A.B. asks: 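Dropping a structure here in structure tokens format, bear with me for questions.
Side-chain atoms are counted along with the backbone in the values below, which use heavy atoms only and exclude waters and symmetry mates. We're numbering straight along the sequence, starting at 1. A quick note: this is a predicted structure, and the numbers were derived from the prediction, not measured.
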Amino acid sequence: IQPLGSIYETRVLVLKLVKEGKKLFFTSNSAKEAANMYFLLKADGVKAKLITSKTKKKDEKVDVKDWVNYDVVLCSPVVE
């Protein structure tokens, strides 16, 4: 997905793609922006996972092979 003009436009497109059965992976230069999108998508009922430098506990992290269990995985650039 190319960057869009606003978080609203991105959210609308993501919801459309999820309804079509697509699985999405997002990266963001900002953990805060990724978290904002995550909370918006969760409020819309999307099965999403957020992984950032603030994801500390092992049980909060998700192995790459398990990403298919989510509609959307969002990451900031600093992840282990």
Side-chain angles (χ1 to χ4, degrees):
I1 298 174
Q2 294 296 320
L4 300 174
S6 71
I7 194 168
Y8 173 78
E9 290 174 338
T10 303
R11 179 179 169 202
V12 168
L13 181 56
V14 167
L15 291 174
K16 177 183 175 285
L17 293 171
V18 167
K19 284 182 181 179
E20 293 174 0
K22 307 285 188 202
K23 301 284 186 175
L24 305 172
F25 176 80
F26 275 90
T27 59
S28 173
N29 288 331
S30 164
K32 183 177 178 180
E33 288 178 13
N36 288 341
M37 179 60 77
Y38 168 79
F39 289 115
L40 288 171
L41 293 174
K42 291 291 280 185
D44 290 324
V46 173
K47 188 170 181 184
K49 182 66 180 173
L50 175 65
I51 306 168
T52 69
S53 60
K54 295 182 171 125
T55 307
K56 300 292 183 198
K57 296 179 186 174
K58 184 177 180 183
D59 59 330
E60 290 178 347
K61 296 180 180 178
V62 177
D63 195 318
V64 172
K65 68 181 182 210
D66 296 323
W67 287 4
V68 297
N69 297 323
Y70 296 91
D71 298 319
V72 179
V73 176
L74 301 106
C75 292
S76 66
V78 182
V79 294
E80 294 178 5

A.B. asks: When rounded to the nearest 0.5 angstrom, what is the spacing between CD in Glu33 and OG in Ser76?
C.D. replies: 11.0 Å

A.B. asks: My understanding is that only residues two or more places apart in sequence, or in another chain, count here; which of them pass salt bridge (charged side-chain N to carboxylate O under 4.0 Å, His left out) with Lys23?
C.D. replies: Asp71

A.B. asks: Working to the nearest 0.5 angstrom, can you tell me the gap between Leu50 CG and Phe26 CZ?
C.D. replies: 12.5 Å

A.B. asks: Would you name the heavy atoms of Arg11 and Met37 that are closest together and state the gap between them?
C.D. replies: N-CE, 3.9 Å

A.B. asks: Please indicate whether Lys22 has more than 12 foreign heavy atoms, meaning atoms of other residues, nucleotides or ligands, lying under 6.0 Å from its NZ.
C.D. replies: no

A.B. asks: Please report the interatomic distance OH(Tyr70) to CD1(Ile51), rounded to the nearest 0.5 Å.
C.D. replies: 8.0 Å

A.B. asks: If you take all heavy atoms of Ala48 and Tyr38, which pair is closest and at what distance?
C.D. replies: O-CE1, 3.5 Å

A.B. asks: Measure the OG1-CG distance between Thr10 and Leu24 for me, rounded to the nearest 0.5 Å.
C.D. replies: 11.5 Å

A.B. asks: Is it possible for you to say whether Leu74 and Leu13 belong to one hydrophobic cluster, with membership spreading through side-chain heavy-atom contacts below 4.5 Å?
C.D. replies: yes

A.B. asks: So do Val46 and Val14 actually touch side chain to side chain, heavy atoms under 4.5 Å?
C.D. replies: no

A.B. asks: Not counting sequence neighbours, which residues clear salt bridge (charged side-chain N to carboxylate O under 4.0 Å, His left out) with Lys19? List them please.
C.D. replies: none

